[in-house]
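In what follows, a structure is listed as structure tokens, so that the remarks can point back to it.
Position 1 is the first residue of the sequence, and the numbers go up from there.
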Amino acid sequence: MPRFVIERDIPGAGQLTPQDLKAISRKSCGVLNSMGPSIQWVHSYVTDDRLYCIYQAPDAAAVRRHAELGGFPANRVSQVRSVIEPATAE
């Protein structure tokens, strides 16, 4: 299944409390459950003013639909074409 990186501009994201992050996570999981198994949240990285979320989905439209249903920003949705890591250099 294709993998996507979603950039969500959320000013002050790095200052969200554990309770805030739990609430956001629950909301996201609820929307995902309603959409069925074709879209999966892998994990997210929280930075000062942005979340970078990794999803598996059939297409970018499904990722955008999740954002719309959850009321989350999806400022940029990019399909992952390759993954490289230190072992790639060997």
Side-chain angles (χ1 to χ4, degrees):
M1 186 177 323
R3 192 168 276 210
F4 295 87
V5 177
I6 301 94
E7 294 181 39
R8 304 183 193 282
D9 292 340
I10 302 175
Q15 302 301 315
L16 292 170
T17 67
Q19 294 82 10
D20 294 332
L21 295 172
K22 184 174 187 174
I24 291 168
S25 297
R26 283 187 173 177
K27 173 110 179 185
S28 178
C29 288
V31 173
L32 289 169
N33 287 337
S34 75
M35 293 180 71
S38 66
I39 180 170
Q40 300 171 351
W41 175 26
V42 177
H43 60 262
S44 297
Y45 300 98
V46 180
T47 65
D48 289 338
D49 294 310
R50 188 170 290 146
L51 269 66
Y52 295 91
C53 302
I54 310 300
Y55 277 67
Q56 292 183 165
D59 52 39
V63 173
R64 286 189 171 84
R65 181 75 178 140
H66 168 265
E68 178 184 319
L69 291 172
F72 307 118
N75 303 92
R76 183 173 292 121
V77 176
S78 303
Q79 186 171 346
V80 175
R81 301 297 181 183
S82 297
V83 176
I84 61 172
E85 55 190 26
T88 306
E90 297 174 2

- So if you build clusters from Ile, Leu, Val, Met, Phe, Trp, Tyr with side-chain heavy-atom gaps below 4.5 Å, do Tyr45 and Val42 land together? yes
- Item | Reported CG-to-OG distance for the pair Leu32 and Ser38, which is rounded to 0.5 angstrom | 9.5 Å
- Message: Test your reading of the model: is there a side-chain donor-acceptor pair from Ser28 to the backbone of Ile24, 3.5 Å cut-off?
- Response: no
- Message: Can you pull out every ring pair (Phe, Tyr, Trp, His ring centres under 6.0 Å) where at least one residue sits in residues 6-25? Sequence neighbours excluded, please.
- Response: none
- Message: Under the ring pair (Phe, Tyr, Trp, His ring centres under 6.0 Å) definition, can you give me all pairs with a residue in residues 9-28, not counting sequence neighbours?
- Response: none
- Applying ring pair (Phe, Tyr, Trp, His ring centres under 6.0 Å), which residue pairs with at least one partner in residues 65-84 are found, sequence neighbours left out? Tyr55-His66, His66-Phe72
- Euclidean distance, Gln79 CD relative to Asp59 CG, rounded to 0.5 Å: 9.0 Å
- Message: More than 12 heavy atoms of other residues, nucleotides or ligands under 6.0 Å from OH of Tyr52: yes or no?
- Response: yes
- Query: Which other residues belong to the hydrophobic cluster containing Met1, where Ile, Leu, Val, Met, Phe, Trp and Tyr are joined when side-chain heavy atoms lie under 4.5 Å apart, directly or via other members?
  - Reply: none
- Message: Using every non-hydrogen atom in the two residues, find where Ile39 and Ala62 come nearest and quote the distance to one decimal.
- Response: CD1-O, 3.6 Å
- Supply the atom-to-atom distance Trp41 CH2 to Gln56 CD, rounded to the nearest 0.5 angstrom. 14.0 Å
- State the CD1-CD distance between Ile54 and Gln40, to the nearest 0.5 angstrom. 13.5 Å
Donor-acceptor pairs under 3.5 angstrom involving side-chain atoms of residues 82-90: please list them, not counting sequence neighbours.
residue, atom, partner, partner atom, Å
Thr88, OG1, Glu85, N, 2.9
Thr88, OG1, Glu85, O, 3.0

Counting only pairs under 3.5 Å, give me each side-chain donor-acceptor contact of residues 5-15, with atom names and distances, residues two or more places apart or in other chains.
residue, atom, partner, partner atom, Å
Glu7, OE1, Arg76, NH1, 3.1
Glu7, OE2, Arg76, NH1, 3.4
Arg8, NH1, Pro73, O, 2.7
Asp9, OD1, Arg50, NE, 2.6
Asp9, OD1, Arg50, NH2, 3.0

